[in-house]
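First up is the structure itself, then whatever we jot down about it.
As the structure is a computational prediction, the values presented were derived from the model and not from experiment. Counting from 1, the numbers follow the sequence of the chain as shown.
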Amino acid sequence: MEKRVIFQNRWLPYVLVAPQLLITLIFFFLPAGQAIEQSVMMQDAFGLSNEFVGLANFQTLFADPNYIESFKVTMLFSVLVAGIGLAVSLLFAVCADRVLRGGNAYKSFLIIPYAIAPAVAGVLWMFIFNPTLGVLSYALRQFGFEWNYMVNADHALALIVIAAVWKQVSYNFIFFLAGLQAVPKSLLEAAAMDGAGPFRRFWTVVFPLLSPTTFFLLVMNVIYAFFDTFAIVDATTMGGPGQETNILVYKVFVDGFRNMDYGGSAAQSVVLMALVIVLTVIQFRFIERRVNY
């Protein structure tokens, strides 16, 4: 029998929901509406007036080879961050779930990066991989590998991927660990009695039961890679060398606040928002079919 909560006052549910609706309206719908409005306007050189130009900003945007290149870099960056982040987090969660002695300390250390601001995480890894002072760059030179993210585009991309993954690992780890601890031990014992080894038990029993958690984290990591990595890029490579790590969310900032192209920047933000919505819908439409609830 379904249980439903009944409020004595019919206005109480609306009062409880009102703060969240107000926050969503002020910090999401209003800025989104302003961005859409600004994306079809062209501002004069002195910033005194706006002129309606329709889709001209979008046409200029997609005709710009730098924007297309930024689009490609962003897609590669998001795939690497989401894929590597989920894989590493799942590995850590499996290891933590098996630790018997010192498990609490191990889990606490893995959660610490989540409390660090993205900009601080970027600066931390920038110093670690600094070509002249960095510890890891020095170690790489001892093996004959010259690391310099300031001039090498692949190194710069690797740097921001490592920093972004490290920052997000704790978030993924918490959910994976909770999911692992919710797996019934009786199922694992039954699989072991049937002769299944640890690896087979994980892929046939544990991982299917983690599919709702994995799907949720996949959506959240894609959104994180597209939006929440701005501070990491700004603190490490600033889109360089050249434009090689100028991901979409950072290009919106550069064109809008440095190049003062408000119409083009607004058009980019609209495209970015539409892209994330489309990717999220695709994930819910096709990937969710493989999720076992």
Side-chain angles (χ1 to χ4, degrees), residues 28 70-97 107 109-122 124-125 156-182 202-203 206-237 245-253 269 271-293:
F28 180 76
S70 178
F71 188 91
K72 295 177 182 178
V73 171
T74 303
M75 296 303 295
L76 176 61
F77 173 73
S78 62
V79 169
L80 291 175
V81 170
I84 298 176
L86 291 177
V88 172
S89 303
L90 180 58
L91 176 62
F92 285 165
V94 171
C95 294
D97 191 44
K107 297 169 188 176
F109 279 117
L110 284 174
I111 295 174
I112 288 176
Y114 187 61
I116 298 176
V120 176
L124 172 65
W125 284 99
L157 180 61
L159 173 61
I160 61 174
V161 168
I162 292 172
V165 169
W166 181 81
K167 177 68 180 68
Q168 189 69 358
V169 158
S170 299
Y171 181 86
N172 301 334
F173 170 78
I174 294 171
F175 283 93
F176 274 134
L177 183 61
L180 287 171
Q181 292 178 346
F202 177 80
W203 285 110
V206 177
F207 192 70
L209 294 176
L210 283 178
S211 57
T213 303
T214 306
F215 175 71
F216 165 76
L217 290 176
L218 176 62
V219 175
M220 297 304 297
N221 276 258
V222 170
I223 296 174
Y224 163 77
F226 272 90
F227 289 108
D228 294 343
T229 53
F230 164 82
I232 292 176
V233 176
D234 188 53
T236 53
T237 64
T245 58
N246 197 13
I247 62 176
L248 291 177
V249 67
Y250 193 73
K251 186 171 175 56
V252 170
F253 164 76
S269 66
V271 172
L272 180 60
M273 179 176 63
L275 177 62
V276 172
I277 292 174
V278 169
L279 288 176
T280 305
V281 170
I282 291 175
Q283 291 178 86
F284 275 93
R285 181 69 176 82
F286 296 102
I287 300 179
E288 192 182 20
R289 294 180 177 180
R290 302 179 181 272
V291 177
N292 300 311
Y293 290 101

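Results of the side chain to side chain donor-acceptor pair (under 3.5 Å) test with N172 over T213, T214, N221 single out N221 as the only residue that passes. The only member of V161, T245, L248 that meets side chain to side chain contact (heavy atoms under 4.5 Å, CB included) when paired with F77 is V161. When each of F92, Y114, W166 is paired with Y171, the ring-ring contact (aromatic ring centres under 6.0 Å, His included) condition holds for Y114 and for no other.
Two residues are said to be in side-chain contact when any heavy atoms from C-beta on lie closer than 4.5 Å; V81 and Q168 fail this criterion. V222 has its side chain out of reach of V276: every pair of non-hydrogen atoms, C-beta onward, lies at least 4.5 Å apart. A 4.5 Å side-chain heavy-atom check between V73 and N246 finds every atom pair outside the cut-off. A 4.5 Å side-chain heavy-atom check between F226 and M75 finds at least one atom pair inside the cut-off.
Summarising the geometry of G122 relative to T236, their closest heavy-atom pair is O-CG2, 3.0 Å, with the distance given to 0.1 Å. Of all heavy-atom pairs between I232 and A164, the closest is CD1-CA, 3.6 Å. Minimum heavy-atom separation, A231 to A119: CB-N, 3.7 Å. Taking each heavy atom of T74 and I247 in turn, the nearest pair found is OG1-CA, 3.3 Å. Shown here for P208 and S211, the closest heavy-atom pair between the two residues is O-OG, 2.7 Å.
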Checklist entry - So I223 and V219, side chain to side chain contact (heavy atoms under 4.5 Å, CB included) or not? Walk me through it. => result CA-CA 6 Å; I223 296 174; V219 175; 4.1 Å; yes
Checklist entry - Given the rule in the side chain to side chain contact (heavy atoms under 4.5 Å, CB included) test, do L210 and L180 qualify, once you have shown the distances and angles that lead to the verdict? => result CA-CA 7 Å; L210 283 178; L180 287 171; 3.6 Å; yes
Item to check | Verdict with supporting geometry, L90 and F207, side chain to side chain contact (heavy atoms under 4.5 Å, CB included) | outcome: CA-CA 10 Å; L90 180 58; F207 192 70; 3.9 Å; yes
Checklist entry - Step by step, would you call K167 with W125 a side chain to side chain contact (heavy atoms under 4.5 Å, CB included)? => result CA-CA 10 Å; K167 177 68 180 68; W125 284 99; over 6 Å; no
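Atom-to-atom distance recorded for F227:CZ and S269:OG is 9.0 Å, nearest 0.5 angstrom. To the nearest 0.5 angstrom, D97 atom CG is 5.5 Å from Q181 atom CD. A distance of 12.0 Å separates CD1 in I282 from CD1 in I277, rounded to the nearest 0.5 Å. Within the model, atoms OG of S170 and CG of L177 stand 12.0 Å from one another, a figure rounded to the nearest 0.5 Å. Taken to the nearest 0.5 Å, the CE atom of M220 stands 12.0 Å off from the CZ atom of F215. To the nearest 0.5 Å, atom CG of residue L110 and atom SG of residue C95 are 9.0 Å apart.
Applying the salt bridge (charged side-chain N to carboxylate O under 4.0 Å, His left out) rule to pairs touching residues 214-237 yields D234-R258, sequence neighbours excluded.
When ring centroids are compared, F253 and Y250 come within the 6.0 Å threshold.
Using the six-membered ring where Trp is involved, F175 and F216 have ring planes that are tilted, between 30° and 60° apart.
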